[in-house]
Amino acid sequence: MSEMTLLQDLKARGLIAQTTSEEELDQHLNENSVTLYCGFDPTADSLHLGHLVPLLMLKRFQDYGHRPIALVGGATGMIGDPSFKDQERSLNTSDVVEQWSNCLKSQISRFIHFDDTEGGAILANNYDWTASIDVLSFLRDIGKHFTVNKMIAKESVRQRIEREGSGISFTEFTYQILQSYDYQYLNKAYGCSLQIGGSDQWGNITGGIDLTRRVNGTHVHGLTLPLITKADGTKFGKTEGGAVWLDANKTSPYAFYQFWLQTPDADVYRFLKFFTFMSVADIDALEQQDAVREGKPVGQSVLAREVTTLVHGEDGYVAAQRITEALFSGDLSSLDEGDYAQLSLDGLPSSVLSPEGLADTPLTTLFADVGLAASGKQVKDALQRKAVIVNGEEFGMDDNLNAPGVFNVERALFGKYFLVKLGKKKHHLFVYG
RNA sequence: GGUGAGGUUCCCGAGUGGCCAAAGGGAUCAGACUGUAAAUCUGACGCGCGAGCUUCGGUGGUUCGAAUCCACCCCUCACCA
């Protein structure tokens, strides 16, 4: 990072979508240790890849000597952010929101270093200062500073307001006031003077800036991050199974590692800048080396290693790497009995195979049930193309009704393991018993 | 409230009585080629190994037969008020 200012580094990484006066912000950041915040609303029981960039962003600021506040939206999560959403969302119960908030809290703590010292990072929940406000105070003390005219004019809610039929409830419309209040509150309580967020948050952030100026008389700043896109135009952060979660129980370190390993060339160096702490110079150098390299580029494996380590720690990375080696080297004999036991612990999808009823279960059903394929049809397709491999042996459509033969104990590795490969990338471990 | 146009399989979008599980494109999955990449080509793509079963906003009806016709209802869009 050396001589670059933080803002220069972020810019070089392509991590800035919009900022309030860049000059002022740059000066502010260079002359002070700034307290900044980013909010994460509990919309599920785990953060996902979309949250990773802002989360890492907080850490980038922390590394430059600033103080991050990670805000869990226990209150805002009850309301639902309408920004650029084309539909009203259904509300979650307070129990659920609270539970999810706690999940997010523990996840966030893994990324940012929190401590109790004066300048240490802070983990906050806006429920704490929002829940107890009574309606009249809210309307008089906060609501009075907002003109509906301005609220309506925001791009983030315009579609919903202008388009007949979609509509927006008063509840969601109020969201921007709540978030603005957070900023004003944090400014007052902690001297927070910068809010960051995804580019869809610009409207909410500027709302908070205005409120803070009106109420606290303080001039504060805002910065948004770009939406992560893929070169081919498809949505980033999705796999066959849906979102890629940061929770190891929802997306195993192995699956996580694989996700990054499969990054297209066209995206990999950009993603290295977004998702790792490698310097821009090092990334550029890597890109140039890959460009003249014979064969496979190393960008993907570096990216996968860095991000997996970041999210799942060294252990998670090592485990993911070990499974990858074993499965993709094509050499099953390199694994000993202990390795097989470890595979499922390390996150390779696995299930117990019961001998009973096996004769009545077609492979199509069996594999679809354990999630190896979305439907029996896909298994059928794979069988017909010789893309199903069990313990190194190919099986075809002829074997569909012959599960007992395919999963004959005699053929089990170490008397109990069957490693099924469907296609090039999907693996599943069956344990006999 | 009035008038006009619509609601089709994950998405977009054809289909206006049987040949429709429903054109075409996208997404997705698999195969070939590669580098667990891209591009390209091939196949699959409602569910089911199969016989077969269940779909075209909802509910009833007409018909041997309906996504297609009729009635009512729900929703959306456009314009008017």
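Sequence lines set the chain letters: A, B, ... in the order given, protein chains first and strands last, and positions in each chain run from 1.
Among residues two or more places apart in sequence or in another chain, the ring-ring contact (aromatic ring centres under 6.0 Å, His included) test is passed with A:H428 by A:F430. Legend: residues meeting ring-ring contact (aromatic ring centres under 6.0 Å, His included) with A:F414, ordered by chain and number and at least two apart, are A:Y340. With sequence neighbours excluded, the residues satisfying ring-ring contact (aromatic ring centres under 6.0 Å, His included) with A:Y317 are A:Y257. Looking at residues two or more places apart in sequence or on another chain, you find no ring-ring contact (aromatic ring centres under 6.0 Å, His included) involving A:Y175.
Both distances falling under 3.5 Å, in either a Watson-Crick or a G-U wobble arrangement, place B:C64 opposite B:G18. Checking B:G1 for Watson-Crick or G-U wobble geometry (two distances, each under 3.5 Å) identifies B:C80 as its partner. Within the shown strands, nothing qualifies as a pairing partner of B:A37 under the Watson-Crick or G-U definition with both distances less than 3.5 Å. Searching all strands for a Watson-Crick or G-U wobble partner of B:G52 with both distances below 3.5 Å returns B:C47. The nucleotide B:C72 finds its pairing partner in B:G58, both defining distances of the Watson-Crick or G-U wobble pair being shorter than 3.5 Å. Look at B:A30: its Watson-Crick or wobble partner, with both distances under 3.5 angstrom, is B:U42.
The aromatic ring centroids of A:F111 and A:F40 lie 6.0 Å or more from each other.
With both ends at atom C1', the span from B:A44 to B:A21 equals 15 Å, rounded to whole Å. Taking atom C1' in both B:U62 and B:C72, the straight-line distance is 15 Å, to the nearest Å. Nucleotides B:U9 and B:C56 place their P atoms 10 Å apart, quoted to the nearest Å. With both ends at atom P, the span from B:U68 to B:U8 equals 13 Å, rounded to whole Å. Taking atom P on both nucleotides, B:A22 is separated from B:U28 by 24 Å, rounded to a whole Å. Across the P atoms, B:G58 and B:U63 are found 23 Å apart, a figure rounded to whole Å. Taking atom P in both B:A51 and B:U40, the straight-line distance is 35 Å, to the nearest Å. Here the separation of B:G18 from B:C11, taken at their P atoms, is 26 Å to the nearest Å.
The existence of a salt bridge linking A:R214 and A:D210 is excluded, since no basic side-chain nitrogen approaches an acidic carboxylate oxygen closer than 4.0 Å. With salt bridges taken as basic N to acidic carboxylate O contacts below 4.0 Å, none links A:D9 and A:R60. Of the charged side-chain nitrogens involved, none lies within less than 4.0 Å of a carboxylate oxygen, so that A:R140 and A:D134 do not count as a salt-bridged pair.
Rounded to whole Å, the distance from CZ on A:F367 to C1' on B:G48 is 17 Å. Look at CG on A:L401: it is 13 Å from P on B:A51, rounded to the nearest Å. Separating the CE atom of A:M397 from the C1' atom of B:G43 is a distance of 15 Å, rounded to the nearest angstrom.
Using a 4.5 Å heavy-atom threshold, the side chains of A:L211 and A:I177 count as separate.
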Margin query: Within the 4.0 Å limit for protein heavy atoms, which parts of nucleotides 27-39 of chain B are touched? Write it as a string from 5' to 3', B for base, S for sugar-phosphate only, - for none.
Written below: S-SBB-BBBBB--

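Residues from residues 341-364 of chain A that place a heavy atom under 4.0 Å from any atom of RNA chain B, listed by number: A:P362, A:T364.
Remark: A:R411 is not positioned above the aromatic ring of A:F418, lacking an NZ or CZ atom under 6.0 angstrom from the ring centre and at most 45 degrees off the axis.
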